[in-house]
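We number each residue from 1, following the sequence as shown. Being a predicted model, the structure only gives us computed values, none of them experimental.
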Amino acid sequence: MANEPLKSEIETGTNYTAPVDQLLAIGRPSLSNPDKWIDYPAEFGLTTADEPELIRLATDEDLFWNGYEPEVYAPTHAMRALGKLQAEAAIAPLINIIDWAEDSDWHIEEIPKTLGTIGPACLPVLAGCVSRFPDQPWLYAAIVSDSLSWIGQLHPEAREACVQHLMDGLSQYPRQLPDVNGSLVAALLDLNAVEAAELIGKAYTEGPMEEDICGTWPAVQVDLGIAKAEDFSPEELRLPPRSGPLGLGSPFPGGALATASGIRLDGKLRSSARSDAKFGQVDLSFKASKPKPKKSGFGNAAKPAKKKKKRK
């Protein structure tokens, strides 16, 4: 029967109704940008009426961590479908799962892309998140900053507002972790925010700033186009090689690093957008994370205790 829920062989025994149940059978999605995503509404007949069920699937923590193929990938497909539907009702639920989603490389990538696809409607909620950066862990700030970067790039009419929110965040630099400040600079570079150059310079010179994310202040000036490489010595532009910030980055030739905010190559950091382009009352505070590991993928493997993040 068309409306009979598909029984999924997962530990939770959770069922989803048609047409959302079709997402349980798709399998592993490609690591791609929104313009390469499946057209879920057209392909599976999804409409705004399906948003509550899609939100339930996208935020299904037990399915994501304990499911089996192909169902374990369904939450990612649900997030992308919500993005395609520009489902404003999904904004707060997606932000509220960051406390456990930050353990997953997949969610670090997909939450910003989904919010970016939903678009400018996310800005009021994200602005509230930015104001809390001084009290939040780095990955929370990185995901929110990257979301603003995606919105600004995918919706040019919202670029100015996104830049302003990121600048509001960076203006709190004396009270924030160096990695938080670095992530904000990365998002501003993604938007080529020359108007933020003076503020970025102050954040670099007065600190604290994690230079592994975007490089030195001279390198950032070159990236913004307000200076030329020949204005500086190689030592001023070079990023010393080291392990990634918080143990999450990987060293690349020339000191380049992959980070939660993007990939730094040839002296520049760009978000994945360039590598391929009010929901009721909601608690936006970062809740205490459950003991899960940083996880790169899915499955029902045992999860060791989560490592404590470094503080500088």
Asker: Check Ala89 against Ile55 and note the closest heavy-atom contact, atom names and distance.
Answerer: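 Taking every non-hydrogen atom into account, O-CD1, 3.6 Å.
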Asker: Whether Arg28 and Glu69 form a salt bridge (side-chain N of Lys/Arg under 4.0 Å from carboxylate O of Asp/Glu) is what I want to check.
Answerer: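 Answer for the salt bridge query: no.
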Asker: For Leu188, which of Leu148, Leu224, Val163 qualifies under side chain to side chain contact (heavy atoms under 4.5 Å, CB included)?
Answerer: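 That would be Val163.
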Asker: When you measure from the centre of the six-membered ring of Tyr16, is the NZ or CZ of Arg56 closer than 6.0 Å and no more than 45° off the axis?
Answerer: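 Yes; both conditions hold, so Arg56 lies above the ring face of Tyr16.
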Asker: Are any of the side-chain heavy atoms of Asp168 and Gln164 separated by less than 4.5 Å?
Answerer: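 Side chain of Asp168 against side chain of Gln164, heavy atoms only: contact under 4.5 Å found.
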Asker: Would the distance check show the side chain of Lys84 and the main-chain N or O of Pro34 forming a donor-acceptor pair, the cut-off being under 3.5 Å?
Answerer: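 Here the side-chain-to-backbone pair exists.
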Asker: As a quick check of understanding, evaluate salt bridge (charged side-chain N to carboxylate O under 4.0 Å, His left out) for Glu109 and Lys113, giving each step before the final call.
Answerer: CA-CA 7 Å; Glu109 287 287 327; Lys113 291 177 183 177; 3.7 Å; yes
Asker: If we only count heavy atoms from C-beta on, is the Asn181 to Pro208 side-chain gap below 4.5 Å?
Answerer: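 With C-beta onward as the side chain, the pair touches.
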Asker: Test your reading of the model: is there a side-chain donor-acceptor pair from Gln172 to the backbone of Val130, 3.5 Å cut-off?
Answerer: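 A pair under 3.5 Å: yes.
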Asker: Under 30°, 30 to 60°, or over 60°: which ring-plane class applies to Phe133 and Tyr140, parallel, tilted or perpendicular?
Answerer: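 Perpendicular: the ring planes of Phe133 and Tyr140 meet at over 60°.
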Asker: Would you say the side-chain atoms of Glu211 pair up with the backbone N or O of Thr216, donor to acceptor, closer than 3.5 Å?
Answerer: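 No, Glu211 side chain to Thr216 backbone: no donor-acceptor pair under 3.5 Å.
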Asker: Can you tell me how far the SG atom of Cys214 sits from the CE atom of Met209, to the nearest 0.5 Å?
Answerer: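 Separation between the atoms: 8.0 Å.
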Asker: Looking only at side-chain N and O atoms, does Trp138 offer a donor or acceptor that is under 3.5 Å from a partner on Ser183?
Answerer: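 Result is yes, a qualifying pair exists.
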Asker: To the nearest 0.5 Å, what is the distance between CG on Leu94 and NE2 on His107?
Answerer: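 Rounded to the nearest 0.5 Å, the CG-NE2 separation comes to 8.5 Å.
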Asker: State, to 0.1 Å, how close Ala161 and Leu123 come at their nearest heavy-atom pair, and which atoms those are.
Answerer: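 Looking at all heavy atoms of both residues, the closest pair is CB-CD1, 3.9 Å.
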Asker: Any side-chain heavy atom of Leu24 sitting closer than 4.5 Å to one from Leu63?
Answerer: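 They are in side-chain contact.
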Asker: For the atom pair CG (Leu199) and CG (Leu170), what is the distance rounded to the nearest 0.5 Å?
Answerer: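 Result: 4.0 Å between the selected atoms.
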Asker: Does the Asp50 side chain pair with the main chain of Thr47, one donor and one acceptor, at a distance under 3.5 Å?
Answerer: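 Yes, Asp50 side chain to Thr47 backbone: donor-acceptor pair under 3.5 Å.
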Asker: So, Arg159 and Glu195, do they make that salt bridge, N to O below 4.0 Å?
Answerer: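 Judged by the 4.0 Å cut-off on N to carboxylate O distance, Arg159 and Glu195 do form a salt bridge.
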Asker: Rounded at 0.5 Å granularity, tell me how far CG in Leu85 sits from CZ in Arg80.
Answerer: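 With rounding to 0.5 Å, CG (Leu85) is 14.5 Å from CZ (Arg80).
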Asker: With the side chain counted from C-beta on, respond yes when Leu126 and Ile151 share a heavy-atom pair under 4.5 Å apart, and no when they do not.
Answerer: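 They are in side-chain contact.
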Asker: Pairing donors with acceptors under 3.5 angstrom, does anything connect the side chains of Thr117 and Gln86?
Answerer: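 Side chains of Thr117 and Gln86: no pair found under 3.5 Å.
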